[in-house]
Amino acid sequence: MHVRSVEFFGSFGYPAGLPEDDRPEVAFFGRSNVGKSSLINTILGRRSEARVSKTPGKTRSANYFTINDKFFLVDMPGYGYAKAPKTERARFQKLYEQYIEADDRRNAIVQLIDARHEPTVLDLESIGRLRRSRRPLCLVFTKADKVSPNKLNASIARALQAIDVRRDTGVVPFSSVTGKGKHELWGWIEETLKL
């Protein structure tokens, strides 16, 4: 994918509605410290489209970016940030459900998992929710540069066994430091969204 243009389209959150637009979209879900902003900036070839912060939990809404004026990339709020108030965490839950249950959207889902660790309970809950939506799903294992190749492969194999994914689920090891997995992830997005 050659990214010619990236435009911030807007932020949307529960209970406000999602944007009414028939362009396809790919949404990124993951824990607050899983490297979601770094991944988005890496695949877009930009430094600061998605805000990278030393403090997790900065994304508060579904942030929509128009890519090449053809489709949306959606940065969803991270889950699992303990310092977020209960009311905020409940609102995020409603936003996730609002997004996933919107039958009128042509969307694909990317779920991020830290390659260094077993999927957390919250990761498994998120993946279960995303699988029930029947949307195309890709599991991206971030921070792959911080694990040896053998440990990375073993970690991914254990995670996939725990998750029990469908056969058509994409699987991509990724590093925002080395760029590993960037082309594979774009390939999955282009094929899934039929770009």
- Worked check of side-chain contact (heavy atoms from CB on, under 4.5 Å) between Q111 and L137: CA-CA 7 Å; Q111 167 72 45; L137 176 64; 4.1 Å; yes

- Message: For a side-chain contact (heavy atoms from CB on, under 4.5 Å) check, start with the C-alpha distance between R4 and H2, then their side-chain angles and the critical distance, and finish with the verdict.
- Response: CA-CA 6 Å; R4 297 184 306 278; H2 176 58; 3.2 Å; yes

- Message: Does I113 form a side-chain contact (heavy atoms from CB on, under 4.5 Å) with I163? I'd like the steps, not just the answer.
- Response: CA-CA 11 Å; I113 302 168; I163 294 165; 3.9 Å; yes

- Query: Passes side-chain hydrogen bond (donor to acceptor under 3.5 Å, both in side chains), E25 versus Y99? Steps please.
  - Reply: CA-CA 11 Å; E25 50 196 66; Y99 186 85; 2.7 Å; yes

- Item | Criterion side-chain contact (heavy atoms from CB on, under 4.5 Å) on L44 and I67, from CA distance to verdict | CA-CA 9 Å; L44 295 180; I67 312 300; 3.6 Å; yes

- Would you please test F9 and F65 for ring-ring contact (aromatic ring centres under 6.0 Å, His included) and show each step? CA-CA 5 Å; F9 187 78; F65 298 89; over 10 Å; no

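Of the inter-residue distances, the one linking R116 atom CZ with K146 atom NZ reads 6.0 Å to the nearest 0.5 angstrom. One distance of note links CG of L39 with NZ of K143; it measures 11.5 Å at 0.5 Å rounding. Annotation: the span from T120 atom OG1 to E125 atom CD amounts to 8.0 Å, rounded to 0.5 Å. Note that CG of L95 is 10.0 Å distant from CD of Q93, once rounded to the nearest 0.5 Å. To the nearest 0.5 Å, the span separating OG on S61 from CZ on R91 amounts to 5.5 Å.
For the residue pair Y64 and D75, no side-chain donor N or O sits within less than 3.5 Å of a side-chain acceptor on the partner. Counting only N and O atoms by type, the side chains of S11 and N63 include a donor and acceptor under 3.5 Å apart.
Sorted by first and then second residue, the side-chain hydrogen bond (donor to acceptor under 3.5 Å, both in side chains) pairs with a member in residues 128-140 read N107-R135; sequence neighbours excluded.
Here the side chains of K180 and L152 are in contact, with some heavy-atom distance below 4.5 Å. The shortest side-chain heavy-atom distance between F29 and I109 falls under the 4.5 Å cut-off. When side chains are defined from C-beta on, W188 counts as touching C138, because their heavy atoms get closer than 4.5 Å. When side chains are defined from C-beta on, F71 counts as touching L195, because their heavy atoms get closer than 4.5 Å. Looking at D69 and R23, their side chains come closer than 4.5 Å, going by heavy atoms from C-beta outward. Residues I156 and P173 have side chains in contact (heavy-atom distance under 4.5 Å, counting atoms from C-beta outward). Looking only at side-chain heavy atoms (C-beta outward), I43 and F28 come within less than 4.5 Å of each other. Taking the side chain as every heavy atom from C-beta outward, H117 and D114 approach each other to under 4.5 Å.
Considering all non-hydrogen atoms of both residues, M76 and A27 come closest at CG-CB, 4.2 Å. Closest of all the heavy-atom pairs between V34 and T142 is O-OG1, 2.8 Å. The heavy-atom pair separating F12 from G17 by the smallest distance is CD2-O, 3.6 Å. For the pair A115 and F141, the tightest heavy-atom approach, listed with the atom from each and the gap, is CB-CB, 4.0 Å. Smallest separation of non-hydrogen atoms from K36 and L112: CA-CD2, 3.5 Å.
Take D145 and apply the side-chain contact (heavy atoms from CB on, under 4.5 Å) test, not counting sequence neighbours, and it matches S175, V177, T178. With sequence neighbours excluded, no residue forms a side-chain contact (heavy atoms from CB on, under 4.5 Å) with E191.
A salt bridge is defined here as a Lys NZ or Arg NE, NH1 or NH2 lying under 4.0 Å from an Asp or Glu carboxylate O, and D22 with R106 fails to meet this definition.
L139 and V121 end up in different hydrophobic clusters when Ile, Leu, Val, Met, Phe, Trp and Tyr side chains are linked at under 4.5 Å.
Not a single donor-acceptor pair under 3.5 Å links the side chain of S38 to the backbone N or O of S176. Remark: side-chain polar atoms of T169 are paired, donor with acceptor, to backbone N or O of R166 under 3.5 angstrom.
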